[in-house]
Each structure stands twice: as C-alpha cells, then as structure tokens.
Number of protein chains: 2
Amino acid sequence: MDLSKYPQINPPQRLLMGPGPINADPRVLRAMSSQLIGQYDPAMTHYMNEVMELYRGVFRTENRWTMLINGTSRAGIEAILVSAIRPGDKVLVPVFGRFGHLLCEIARRCRAEVHTIEVPWGEVFTPDQIEDAIKKVKPRLLLTVQGDTSTTMLQPLEELGAICRKYGVLFYTDATASFAGNALETDAWGLDAVSAGMQKCLGGPSGTSPITLSPAMEAVIRERKCVEEGLRTDAHHDGDDEMIYSNYFDLGMIMDYWGPERLNHHTEATSALFGARECARLILEEGLDNGIARHKLHGDALLKGIQGMGLSTYGDLKHKMNNVLGVIIPQSVNGDQVRKLMLEDFGIEIGTSFGPMTGKVWRIGTMGYNARKDCVMQTLSALESVLNHLGFHSTQGAAMQAAWDHYSGSRG
Amino acid sequence: MDLSKYPQINPPQRLLMGPGPINADPRVLRAMSSQLIGQYDPAMTHYMNEVMELYRGVFRTENRWTMLINGTSRAGIEAILVSAIRPGDKVLVPVFGRFGHLLCEIARRCRAEVHTIEVPWGEVFTPDQIEDAIKKVKPRLLLTVQGDTSTTMLQPLEELGAICRKYGVLFYTDATASFAGNALETDAWGLDAVSAGMQKCLGGPSGTSPITLSPAMEAVIRERKCVEEGLRTDAHHDGDDEMIYSNYFDLGMIMDYWGPERLNHHTEATSALFGARECARLILEEGLDNGIARHKLHGDALLKGIQGMGLSTYGDLKHKMNNVLGVIIPQSVNGDQVRKLMLEDFGIEIGTSFGPMTGKVWRIGTMGYNARKDCVMQTLSALESVLNHLGFHSTQGAAMQAAWDHYSGSRG
C-alpha cells in the first residue's frame with residue numbers, strides 16, 4: 001500500500017449551513033482532544049455523573065436516568081424503542097416527515113404493531129388529531145418526532161403529555177433536530193422518554209445520543225431486565241419472548257453501568273463523553289432559554305433574508321423549527337448546481353432534501369455554533385451571488401438588508 | 001445549577017496499563033480535533049473510502065465491505081450477529097472466558113439456538129475440539145473470540161477456516177482485544193466476519209468498531225435486506241420474521257451508506273472516523289507485522305519483569321495474547337489496595353478481573369500507544385515499590401533487570 005496517498009487528516013474548511021451536521025464548537029473539539037482515563041477511574045465516573053446532571057438541565061427534567069448512548073442519534077432512538085416495545089405492542093406514530101417513517105421502521109423491527117396517522121409534508125398535527133387516534137388505536141406507546149428536519153416542521157408537544165396520561169400511553173419524542181434550539185420541557189410536558197443527537201443545535205460531532213427516561217419508562221424497561229453474565233445451560237437457550245432484541249441497546253444494562261453498581265457493559269466512549277459534557281456545559285453557561293432565543297433570532301434573520309431575495313419558503317412557517325428553513329428552489333436554476341457552487345467556490349454547505357421534496361427544496365440551517373450573525377450574512381451573500389451568476393436576478397443587497405433590518409428590530 | 005462546579009474538562013494524567021482502554025496516541029486525538037465536514041461532502045466520502053482501504057490493510061483482506069460501525073466494540077459484534085443470524089439458526093460458541101459468554105448472550109437476543117463448548121478459564125481450544133463440536137451441532141455460524149481479555153488467552157484461528165468451509169459454516173471472530181497486536185489474517189484464515197475496537201492495540205478511544213465481511217457473509221446479509229423509506233400500509237405491519245431486529249445495526253443499510261449509492265442511514269460520526277483513519281494509518285506506517293512484533297517485545301519484557309519480581313502469572317503462557325498479562329495477586333497483599341496506590345500515587349492504572357478471577361488476578365496491558373519500553377519500566381518499578389510498601393518483599397531491582405535483560409537479548 002502506498003501510504004503517501006494517505007496523508008494526515010486535513011479536511012477543507014467548510015461553513016456547514018445545512019440541516020446538520022454543522023460545525024462543532026471549537027471548545028467541544030478541544031475537550032474531545034483530552035487524553036483518556038480508565039472507565040472505572042474515579043475521575044471518569046465523576047465525569048459520567050456530571051454528564052447526567054448537566055443533561056438534566058438541558059432536558060429540563062429531574063429524571064434520574066439521563067445519560068448518553070454511544071452511537072448516533074438513531075442509536076438513541078433505537079435504544080429507547082427496543083427497550084420499551086415488547087413484541088406485539090401497539091404503537092401510534094404521527095408521521096409528518098421522513099423521521100416519522102424511521103420511527104415506524106424501527107418499531108416494526110421491534111415487532112410492534114405499528115399504527116400511523118399522517119398529514120401532508122409541511123404540516124403538523126393538532127392535539128385533537130392525536131387524541132382521536134389514541135382513542136381509536138389504544139396504543140401502549142405514542143412515538144413522536146419533535147422536529148423533522150426533512151420538512152423543517154416542529155410538532156407542538158405541550159398538550160400531548162396530558163392526553164397520554166389520560167389514556168395510559170407512554171410518551172416518547174425524538175428531539176434530534178430540535179433539541180436545545182427549540183423549547184422542550186421533558187417534565188412539564190409529561191414526556192416519558194426523549195432522545196437527541198449532538199450534530200444539530202448542541203454543536204458537537206455526531207456519534208453520541210443523550211437520552212432521558214421517566215420513572216414510568218424505567219419501570220417498563222426494568223421488567224425486561226436481563227443479566228449478561230449469567231451462564232445459561234442448554235435448557236435456557238430458547239430464551240424468553242420478552243428478552244430485549246439487543247444487548248448493546250438494553251437500557252436496563254446501560255442504567256446499571258451509569259448507576260452506582262457500575263456493572264460492566266460497553267466501554268464508554270470517553271472522547272465522545274468529554275465532547276457531550278462540553279456541549280451541555282456551554283449551553284447551560286449561555287442559558288438554555290438564551291440559546292433558544294439565539295436560534296430564533298438567527299433563524300428569523302435567515303428567513304427574512306431569503307424572503308428579501310424573492311425566494312419562497314417551504315411549509316407552514318407558524319410551525320417551523322427555529323434552526324432550519326426550507327427554501328423553494330426557483331425553477332430557473334438547478335438546485336444541485338447552486339449547492340455545488342456554494343460549496344466549491346464559497347466553502348458553504350446548504351442541504352438538499354429527501355422524498356417528495358427532492359430537487360424542489362433546499363434546507364438551510366442556523367444551529368448550534370453556526371446560529372450566528374456572520375454565518376447568516378455570509379450564507380445570504382454567497383447565495384445571492386451564486387443565484388445571480390446562474391441567471392436568477394434578485395435586487396442586489398436586498399437579502400442582506402432584510403436580515404440587517406431584522407437584527408436591528410430585534411435589538412431595538 | 002451552579003455551573004462553577006462544572007469547569008472545563010481536565011482529566012488527571014494517567015498511564016493506562018490495564019486491559020484497555022489505554023492512552024490514545026496523541027496523533028489520533030489531534031486528528032479527531034479537526035473541524036467537521038458534511039456527511040456527503042466529497043471530502044468526507046473520500047475519507048470514508050480511504051478508511052475502507054486502510055482497514056483492508058489492517059485486516060489483511062480484500063473484502064469490499066470493510067468499514068466502521070458507530071459504536072463501541074460490542075456494537076460491531078452485535079451488528080454482525082444481528083445481521084447474520086436468523087431466528088432459530090444454530091450457532092456454536094467455544095467459550096474460554098467472559099467474552100464468549102457475551103457472544104452467546106447476543107446470539108440469544110437474536111433468537112439463535114446457541115450451543116457452547118467450554119474449556120477452563122486460562123486455556124484455549126484445539127481445532128479438533130471445535131471440529132468435533134461442529135460435526136455434532138451442525139451450526140450455521142461459528143462464533144469465536146480471538147483474544148479474551150478476561151483470561152488474557154489467544155485462541156488460535158489459523159486452522160478453523162478450513163474446517164468451517166468443510167462443513168459449510170460461517171466463521172466469525174471478535175478480535176476486539178487482539179487486533180493489531182497479534183496476527184490476524186482475515187482472508188488467509190478464511191474468516192467471514194471480524195469485528196474490532198479502537199481502545200486496545202489500535203491506540204484510539206473507544207466508540208468505533210472496524211468490521212470486515214466476506215462475500216459469503218455479504219450474501220447472507222443481503223438476503224435480509226430491508227429498505228427504510230418504503231411507506232408500508234397496514235397490511236404490512238406484521239413484518240417479516242426474517243427482518244433484522246435492528247435498523248441501526250442493519251449491515252445491508254450500512255453497506256448501502258458506505259457504498260457508491262450513499263443511501264442515507266445514520267450520520268457518520270465524523271470525529272470518530274477521523275480518529276479511526278489515523279489509527280490505521282499509523283499502524284500501516286509502522287508496518288502491521290512490526291507493530292505486532294513490538295507488542296510481543298514489550299509484552300514479553302513485562303512478563304520477564306513480573307516473573308523476576310517473584311510473582312506468578314495466570315493461564316497457559318503458550319497461548320497468551322502479546323498485549324495483556326494476568327498476574328496472580330500474592331496472598332499477602334490486597335489486590336485493590338495495590339491498584340489504588342498505583343493509581344493515586346503513581347498515576348498508573350492496572351486492571352482487576354471478572355468472574356472466577358475476581359480478587360485473584362491483576363491484568364496488565366502493554367498495547368497500542370503504551371506498548372513502549374518506558375511504560376513497561378515505569379509500571380514494573382511502581383509495582384515493586386507498592387508491593388514492598390505493603391509488605392511483599394521482592395529483590396530490589398530484579399524485575400527491572402529482568403526486563404532490561406530481555407530488551408538486551410531481543411536487540412542483540
């Protein structure tokens with residue numbers, strides 16, 4: 001093998017303004033470059049306890065079991081679903097974008113009986129629609145997506161916890177895309193489980209999923225407890241129907257590893273934990289509500305700029321996430337060519353879309369470390385340049401002026 | 001929340017000489033501190049392709065599907081088992097330590113019919129023992145552990161591939177603890193799947209699992225293919241018995257993400273990938289065989305030193321891994337007190353043990369970045385000091401002299 005073809009890592013400088021991943025906060029990368037310590041070193045278990053406490057702050061919860069899953073955001077989703085869903089359980093999934101379909105898919109893998117309700121992409125559900133479906137389906141779990149990046153929509157969750165309590169339904173939300181950039185009140189909203197990811201508003205690299213579990217969810221999971229070390233005889237090898245389909249995602253074991261017993265399970269991904277700790281620490285230092293307001297400020301400035309450029313936006317703006325905007329690609333330009341020029345000539349990445357929106361919508365994110373004025377202004381300016389270069393004529397400077405006006409108004 | 005209690009990360013300096021995790025190579029940590037790029041950025045997909053090629057070199061394979069799982073080493077194990085094992089499949093697991101039990105446990109979660117053979121801890125199997133069991137059980141898969149850190153033993157695998165071919169059995173090994181510190185020839189030995197981890201001889205942080213799959217294993221997995229995006233109707237929701245129990249670990253999907261189609265699945269953990277790339281690059285730069293010889297040199301020097309101190313070792317030394325040694329705790333001292341003094345007063349971590357060896361054996365590793373003379377000499381010197389401080393009298397300096405003699409002999 002000719003190793004001269006593989007020099008040390010040297011990624012190009014990019015401003016990541018898509019739907020995530022976005023640029024990591026340099027302080028997070030520095031925290032991750034700390035040297036390792038052993039997994040049972042008192043310093044390590046202390047850091048694990050700190051991570052639990054810091055994420056309680058970000059999840060707005062008192063839940064004891066607030067911890068990290070060592071995998072990307074969908075690992076957190078799967079850990080919760082595979083641990084909570086027993087084969088044959090009925091689950092209800094309100095689908096308003098791609099990630100609702102993902103919840104259905106994972107639930108099917110868990111051998112759930114999956115029921116869905118749907119709204120057209122670009123819309124969200126009313127609480128009544130969800131309550132009606134709960135009455136009809138009588139599910140054991142309600143599986144929701146808070147913010148679906150595929151459509152940029154934010155499903156209101158405030159009223160769903162009370163509905164779930166009324167019908168004895170466990171209430172889960174996937175907050176990967178929305179977490180820390182939009183309000184989420186785990187306890188006040190009656191959520192039984194929430195999972196998130198690092199690469200959106202948390203400002204870290206993908207690879208870790210913070211989760212939180214209510215006492216009710218803990219009880220459900222504990223009923224399926226399985227102890228790894230037990231040496232079983234041939235008489236046991238058919239197993240128990242109720243045994244969780246995964247060892248890696250068995251939240252009973254993961255609780256025993258994060259809890260005072262410290263029962264050995266996986267070897268906690270130390271660098272990732274250092275990064276996740278720094279993300280939460282920075283968010284709480286800024287103040288969670290201040291951070292959410294910052295996401296709204298820059299998200300709205302981007303929106304004003306895009307509108308000022310004469311472009312149309314996607315979906316119901318009343319229910320848009322703060323941190324990502326769908327922009328209708330003008331018919332006169334090729335969306336992929338615009339993205340290519342943005343990336344190659346300006347070093348700025350904006351996102352494409354999935355499914356029914358493919359080729360029709362760009363998704364532009366303002367999140368985490370990149371929820372900043374300079375990122376918004378650079379992106380608008382570059383997009384105006386590229387669009388005009390390709391023949392879409394907008395009023396010169398109007399986009400940036402609209403953003404400036406928004407910033408002035410918001411400050412004044 | 002009083003944030004002054006949560007200062008920036010500042011782990012204590014530790015020399016990690018246990019069974020892993022060990023200190024990461026600083027070059028790996030620096031690679032991981034690079035800024036992020038988008039998951040479909042041409043620079044990112046190029047790095048993904050490079051990682052595949054580099055790990056083909058470390059696995060000694062031509063296998064196309066040589067890639068990373070975003071999770072710790074047991075995530076790699078589970079991805080292979082859950083993707084390959086159909087419910088009811090017979091698997092044979094030769095168990096010679098804790099990690100054999102882990103393979104059984106995960107296989108049971110996959111609803112396999114699990115058959116085991118066992119030898120006492122501290123021993124390994126002969127090829128005949130395994131062939132006899134294959135003839136009797138007629139398994140679809142043979143699941144082995146190459147190096148079981150719980151006992152420090154290394155199972156010889158060279159002859160097992162031919163046996164597996166003869167009986168039409170798929171051959172998997174968990175090389176987490178042994179990979180890159182002991183010979184492993186994926187293709188020459190006829191392995192159909194291998195998984196590894198970063199935190200042992202690869203010299204990186206836990207959190208990523210390199211795997212490789214033979215064409216035969218790929219074919220088995222492709223038969224269970226499931227496309228995520230398909231929107232299913234109520235008529236489908238019972239699913240297919242053969243559907244893999246996991247989305248996150250569905251290797252068919254992960255191949256489609258790493259392959260030219262680049263079908264969206266998880267968001268690759270970019271920082272972890274940068275680190276894994278650097279680990280493989282450094283190993284190939286040193287030369288894989290040179291690196292294995294380095295592990296043997298320092299592992300043997302540690303062994304000579306421990307023997308020179310008058311301590312006994314654990315297990316069959318003919319079958320010891322190069323990178324970890326079991327040391328019998330002398331009856332006159334408390335093993336945990338020794339470990340505590342080593343950690344607190346010398347900053348050196350050595351390992352405890354699991355199961356039947358608890359309280360009886362320390363495990364001392366010389367692996368990855370810490371397979372170095374200075375690490376061996378510091379550890380021996382500190383251990384001599386602590387043992388004598390606690391009343392176990394050894395000849396002053398004998399351990400270090402034995403190690404020096406070994407180094408001189410090996411060089412001369």
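Only this structure's heavy atoms are used, side chains among them; waters, hydrogens and symmetry mates stay out. Every chain is numbered from 1 and lettered A, B, ... according to where its sequence line falls, protein lines coming before strand lines.
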Taking B:S206 for the side chain and A:T267 for the main chain, is one N or O donor matched with an acceptor at less than 3.5 Å?
yes
For chain A, find which of B:S73, B:G207, B:G351, B:P21 contributes the most heavy-atom pairs closer than 4.5 angstrom.
B:P21
Specify the closest pair of heavy atoms between B:S34 and A:I9, including all atoms of both residues, with the distance to one decimal.
OG-CG2, 3.2 Å
Tell me whether B:R109 contacts the main-chain N or O of A:M243 through its side chain, where contact means a donor paired with an acceptor under 3.5 Å.
no
Please identify, among A:T352, A:L284, A:I77, the residue contributing the most non-hydrogen atom pairs under 4.5 Å to chain B.
A:L284
When every non-hydrogen atom of B:N247 is compared with those of A:I106, the smallest separation belongs to CB-CG1, 3.8 Å
Once the angle between the rings of A:Y248 and B:F249 is folded into 0 to 90°, is it parallel (under 30°), tilted (30 to 60°) or perpendicular (over 60°)?
perpendicular
Taking atom CD of B:Q8 as the centre, does the number of heavy atoms from other residues, nucleotides or ligands within less than 6.0 Å exceed 12?
no
What option among B:A43, B:G20, B:A107, B:G38 has the most heavy-atom pairs under 4.5 Å with chain A?
B:G38
A:E50, part contacting chain B, at a heavy-atom distance under 4.5 Å:
both
Contact part of B:L343 toward chain A, heavy-atom cut-off under 4.5 Å: side chain, backbone, both or neither?
side chain
Could you tell me which of A:G88, A:A75, A:G57, A:A31 has the largest number of non-hydrogen atom pairs under 4.5 Å with chain B?
A:A75
Counting only non-hydrogen atoms closer than 4.5 Å, does A:L273 touch chain B with its backbone (N, CA, C, O), its side chain (CB onward), both, or neither?
neither
Between A:M32 and B:S271, the two heavy atoms sitting closest are CE-CB, 4.1 Å
Under 4.5 Å from any heavy atom of chain B, what part of A:M1 do you find: side chain, backbone, both or neither?
side chain
Below 4.5 Å from any heavy atom of chain B, which atoms of A:Y47 appear? Answer side chain, backbone, both or neither.
side chain
For residues 10-23 of chain A, which residue pairs pass the salt bridge (Lys or Arg N to Asp or Glu O under 4.0 Å) check, not counting sequence neighbours?
A:R14-B:D41
Given 3.5 Å as the limit, does a donor-acceptor pair link the side chain of B:E349 with the main chain of A:I37, or not?
no
Is it the backbone or the side chain of A:T270 that comes under 4.5 Å from a heavy atom of chain B, or both, or neither?
backbone
A:L16 versus chain B, the contacting section by heavy-atom distance below 4.5 Å
side chain
Donor-acceptor check, side chain of A:R74 to backbone of B:H265, threshold 3.5 angstrom: yes or no?
yes
Please classify the contact between A:E285 and chain B as side chain, backbone, both or neither, with a heavy-atom cut-off of under 4.5 Å.
both
Side chain, backbone, both or neither: which part of A:A272 has an atom under 4.5 Å from a heavy atom of chain B?
neither
I need the residue from B:I69, B:T208, B:L54 with the largest number of non-hydrogen atom pairs under 4.5 Å to chain A.
B:L54
What are the two closest non-hydrogen atoms of B:L29 and A:S33, and how far apart are they?
CD1-O, 3.6 Å
Highest number of heavy-atom pairs under 4.5 Å with chain B: which of A:R277, A:Q39, A:E278?
A:R277
Determine the option with the most heavy-atom pairs under 4.5 angstrom with chain B, choosing from A:D250, A:L282, A:I22.
A:D250
Has the side chain of B:Q35 got a donor or acceptor atom that lies under 3.5 Å from a matching backbone atom of A:Q13?
no
Examine whether an atom of A:E78 lies under 4.5 Å from a heavy atom of chain B, and if so say whether it belongs to the side chain, the backbone or both; otherwise answer neither.
side chain
What verdict does the side chain to side chain contact (heavy atoms under 4.5 Å, CB included) test give for B:L36 and A:Q199, after you've listed the backbone C-alpha separation in whole Å, the side-chain angles of each residue and the deciding distance to 0.1 Å?
CA-CA 10 Å; B:L36 306 181; A:Q199 74 276 17; 5.8 Å; no
Could you tell me which non-hydrogen atom of B:T72 sits nearest to which non-hydrogen atom of A:N70, and how far apart they are?
CG2-OD1, 3.5 Å
Rounded to the nearest 0.5 Å, what separation is found between the SG atom of A:C110 and the OH atom of B:Y245?
11.0 Å
What part of A:E53 gets within 4.5 angstrom of chain B, counting heavy atoms only: side chain, backbone, both, or neither?
both
In terms of heavy-atom pairs under 4.5 Å, which option from B:S246, B:A269, B:P42, B:P26 contacts chain A the most?
B:S246
